[in-house]
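The sequence lines fix the lettering, A, B, ..., with proteins before strands; numbering per chain opens at 1. Quick note: numbers below take in every heavy atom, side chains included, and nothing from hydrogens, waters or symmetry partners.
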Protein chains: 2
Amino acid sequence: MQADPATWPSAGSVDPEQACPVAPVVDIVFSRWTTPILWTLNYQGRQRFIELQRRIGSITPKVLTQRLRQLERDGLVVRTYHPEVPPRVEYEISDLGRSLAPLFAHLAEWATSHLDDVEQARRAYDGNPAATRPSAVPDAGSVMSTANR
Amino acid sequence: MQADPATWPSAGSVDPEQACPVAPVVDIVFSRWTTPILWTLNYQGRQRFIELQRRIGSITPKVLTQRLRQLERDGLVVRTYHPEVPPRVEYEISDLGRSLAPLFAHLAEWATSHLDDVEQARRAYDGNPAATRPSAVPDAGSVMSTANR
DNA sequence: CAGGATCCCTTGGGATACTG
DNA sequence: CAGTATCCCAAGGGATCCTG
């Protein structure tokens with residue numbers, strides 16, 4: 001799939017967020033846990049807090065709450081509180097959140113078709129120290145999972 | 001690799017990367033500066049270090065180097081070193097990097113059509129404290145500018 | 001159950017000064 | 001010019017414990 005610059009909307013000025021129109025979206029949608037949350041919510045439908053937590057797995061309640069709160073504030077997720085005993089809260093994706101679905105699909109598509117290339121490029125880079133290249137990569141393989149202790 | 005709920009592991013924990021196929025892509029492409037860099041590189045074409053820095057604006061050379069290095073390692077950017085005096089280095093987007101263009105376009109599209117909704121949702125959320133809602137947002141509007149001192 | 005309260009650690013990123 | 005080397009900060013996250 002080729003891509004000429006013409007398909008890229010014009011880059012405006014020079015501020016970080018303004019040099020790139022997609023930057024704001026990144027802030028909203030792409031943090032460590034937001035995509036798994038949105039993904040799960042989108043595919044598994046409405047579910048309660050603890051279900052979400054179990055499905056996503058290694059996320060802690062604190063963080064799940066934080067992200068959920070942010071997603072709710074941004075209108076991507078709808079929170080429903082049931083005043084019962086014990087309390088029950090359900091989360092579901094909103095229409096706005098659902099509007100991201102094609103985007104996610106697109107992303108997943110790119111992943112399946114190009115992730116290998118990235119891996120390969122990494123191995124090539126790591127395994128073959130070109131002389132015209134700076135000594136070392138400062139923060140090279142930082143794909144480590146911070147998800148255990 | 002599609003996400004079929006039936007294939008999801010039911011026992012044990014699920015890593016964020018496995019709960020959501022797009023997570024790895026996020027790691028690679030969406031950090032604070034990567035999108036502006038890729039965007040500029042793609043739209044403005046091959047350019048040298050300092051041009052990139054000036055175009056992107058507030059990025060520091062250290063960070064620009066770090067991101068550039070990572071992007072190069074991941075095969076999204078190509079670095080060309082010219083052994084001259086003074087040294088000259090040019091960066092350009094690779095084919096792999098270019099393959100992200102439609103994705104970015106899609107992202108930008110979403111931005112223009114839905115960013116307002118997000119803003120609106122935020123104002124509604126902030127301005128209208130529903131009683132069924134937890135007291136406050138822990139890290140609500142964390143769009144803090146860490147960009148100057 | 002759904003989170004709030006704390007404490008702590010890792011990291012991306014910023015500022016400044018300095019080489020090849 | 002194109003980085004390097006330090007030092008430093010803030011924020012996202014993680015672990016634990018506690019409560020409406």
Measure from [atom1] on [X] to [atom2] on [N] and round the result to the nearest Å.
X: B:Tyr91; N: D:dG3; atom1: OH; atom2: C1'; value: 8 Å
X: B:Leu64; N: C:dA15; atom1: CG; atom2: C1'; value: 16 Å
X: A:Gln66; N: C:dG3; atom1: CD; atom2: P; value: 13 Å
X: A:Glu90; N: C:dA2; atom1: CD; atom2: C1'; value: 13 Å
X: A:Lys62; N: D:dG13; atom1: NZ; atom2: P; value: 9 Å
X: A:Glu51; N: C:dG3; atom1: CD; atom2: P; value: 13 Å
X: B:Arg133; N: D:dG20; atom1: CZ; atom2: P; value: 21 Å
X: B:Asp27; N: D:dG13; atom1: CG; atom2: P; value: 11 Å

*Side chain of A:Arg67 - closest among C:dG13, D:dG12, D:dG3*: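 Nearest listed nucleotide: D:dG12.
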_So, does B:Arg32 get its side chain near the phosphate of D:dA11, meaning an N or O under 4.0 Å from OP1 or OP2?_
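No, outside the criterion.
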*For B:Val89 and for A:Ser31, locate the closest nucleotide of DNA chain D by heavy-atom distance; then report the residue assigned to the nucleotide nearer the 5' terminus.*
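On the 5' side of the pair lies B:Val89.
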*Roughly how bent is the helix from C:dC1-D:dG20 to C:dG20-D:dC1 end to end, in steps of 10 degrees, with each end axis from five pairs?*
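Computed angle between terminal axes is 50°.
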_Under the side-chain contact (heavy atoms from CB on, under 4.5 Å) test, residues paired with A:Ala111 that sit two or more places apart_ =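 Per chain and number, A:Ala111 pairs via side-chain contact (heavy atoms from CB on, under 4.5 Å) with A:Leu115, B:Val25.
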*Sub-6.0 Å ring centroid separation between A:Trp39 and A:Tyr43*: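 Under 6.0 Å, so yes.
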*Remember a base hit wins even if backbone is also touched, and classify B:Tyr81 as base, sugar-phosphate or nothing at under 4.0 Å, heavy atoms.*
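No contact at all - B:Tyr81 keeps every heavy atom at 4.0 Å or more from the nucleic acid.
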*Are the charged groups of B:Arg48 and B:Glu90 less than 4.0 angstrom apart, N to O?*
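Salt bridge absent between B:Arg48 and B:Glu90.
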*Any ion pair linking B:Arg98 and B:Asp95 (charged N to carboxylate O, less than 4.0 Å)?*
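Answer for the salt bridge query: yes.
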